[in-house]
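Everything on this sheet refers to the single structure shown next.
Computed from a predicted model, the values in this text were never measured in an experiment. Position 1 is the first residue of the sequence, and the numbers go up from there.
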Amino acid sequence: MKVKRIVANINTKEITAAKCFYQDVLGLDLMMDHGWIRTYGSNEEMSIQISFASQGGSETPTPDLSIEVDDVDAALEGMKGAGFPVEYGLVDEPWGVRRFYVRDPFGKLINILAHKH
């Protein structure tokens with residue numbers, strides 16, 4: 001047996017609110033829409049990971065989701081431009097990532113990051 005996919009499910013009555021944050025700013029595709037559930041994602045091959053943490057690093061709160069992007073500076077500008085509140089960063093962390101925290105439309109704390117090369 002092998003895990004093929006991990007899906008994060010966020011409970012909300014306002015599923016349409018996800019579009020601006022996850023599709024318009026982050027560029028994810030609408031993969032499925034059954035009215036009561038919308039799934040955003042990408043057909044690109046990605047690593048499967050699930051983390052368990054006592055904090056978010058650098059004494060920050062543990063984020064609900066971490067999303068790795070190819071251009072964290074552009075992601076930050078997109079989030080600011082769309083009016084999403086940035087709560088931490090932009091910071092170059094000692095473990096080799098550049099990141100910021102932002103709240104999505106559902107109040108979830110999202111860690112947006114890129115690995116520094």
Side-chain angles (χ1 to χ4, degrees):
M1 193 282 305
K2 143 178 132 169
V3 173
K4 294 177 63 177
R5 179 171 63 146
I6 295 174
V7 176
N9 296 302
I10 297 173
N11 183 46
T12 181
K13 299 291 184 199
E14 302 296 326
I15 63 169
T16 58
K19 183 183 182 303
C20 181
F21 189 93
Y22 291 98
Q23 186 174 30
D24 297 347
V25 177
L26 289 177
L28 293 175
D29 298 320
L30 179 62
M31 308 291 287
M32 178 181 69
D33 184 353
H34 292 305
W36 57 272
I37 184 173
R38 286 187 182 167
T39 300
Y40 295 87
S42 170
N43 285 322
E44 289 186 38
E45 188 172 320
M46 298 181 188
S47 298
I48 296 172
Q49 296 180 336
I50 184 168
S51 297
F52 302 88
S54 61
Q55 60 149 308
S58 297
E59 300 300 322
T60 63
T62 304
D64 296 294
L65 292 173
S66 291
I67 299 174
E68 184 176 350
V69 297
D70 62 354
D71 186 340
V72 72
D73 295 271
L76 177 65
E77 291 309 309
M79 289 297 169
K80 285 181 176 177
F84 292 105
V86 174
E87 296 202 1
Y88 175 74
L90 191 63
V91 175
D92 291 318
E93 298 288 9
W95 55 89
V97 299
R98 184 170 173 82
R99 70 179 182 156
F100 67 94
Y101 284 3
V102 63
R103 292 273 172 193
D104 78 357
F106 315 103
K108 300 299 182 187
L109 188 61
I110 311 298
N111 175 29
I112 308 271
L113 68 113
H115 283 90
K116 297 187 308 185
H117 301 294

Honestly curious: do Ile50 and Ile48 fall in one hydrophobic cluster under the side-chain, below-4.5 Å linking rule?
yes

Cluster overlap Leu113 with Val25, hydrophobic side-chain contacts below 4.5 Å
no

Same cluster (ILVMFWY, side-chain, under 4.5 Å), Val91 and Val69:
no

A quick test of your reading: do over 12 heavy atoms of other residues, nucleotides or ligands sit less than 6.0 Å from CD of Glu14?
no

Is the closest side-chain heavy-atom distance between Thr16 and Arg38 below 4.5 Å?
yes

Separation between CG of Leu28 and NZ of Lys19, rounded to the nearest 0.5 Å
12.0 Å

Would you call the rings of Phe21 and Phe84 parallel, tilted or perpendicular, where under 30° means parallel and over 60° means perpendicular?
perpendicular

Give, for atom CD1 of Ile37 and atom CE of Met32, the distance between the pair rounded to the nearest 0.5 Å.
4.0 Å

Is there a side-chain contact between Arg103 and Leu109, using heavy atoms and a 4.5 Å cut-off?
yes

Can you tell me if CG on Asn43 sees more than 12 non-hydrogen neighbours from other groups inside 6.0 Å?
no

May I ask you to test the Val72-Ile112 pair for a side-chain heavy-atom distance under 4.5 Å?
yes

Quick one: do Val97 and Met79 end up in the same hydrophobic cluster if we chain Ile, Leu, Val, Met, Phe, Trp and Tyr together by side-chain heavy atoms under 4.5 Å apart?
no

Kindly give the heavy-atom pair with the smallest separation between Glu59 and Gln55, and that separation in Å.
N-OE1, 2.8 Å

To check you understand the geometry: which heavy-atom pair defines the closest contact between Ala17 and Pro105, and what is its length?
O-CG, 3.2 Å

Would you compute the distance between atom CD1 of Ile110 and atom OH of Tyr22 and round it to the nearest 0.5 angstrom?
3.5 Å

Quick check for you: to the nearest 0.5 Å, what is the distance between Glu87 atom CD and Phe100 atom CZ?
12.0 Å

Between atom CD of Glu93 and atom OG1 of Thr60, what is the distance when rounded to the nearest 0.5 Å?
7.0 Å

Any side-chain heavy-atom pair from Asp73 and Leu90 closer than 4.5 angstrom?
yes

Do Asp104 and Leu65 touch side chain to side chain, with heavy atoms closer than 4.5 Å?
no

Test your reading of the model: is there a side-chain donor-acceptor pair from Tyr101 to the backbone of Pro61, 3.5 Å cut-off?
yes

Does any non-hydrogen side-chain atom of Asp64 lie less than 4.5 Å from one of Phe106?
no

Hey, what do you get for CD1 (Ile15) to OH (Tyr40), rounding to the nearest 0.5 Å?
7.5 Å

Ile6, Phe52: one ILVMFWY side-chain cluster at the under-4.5 Å cut-off?
yes

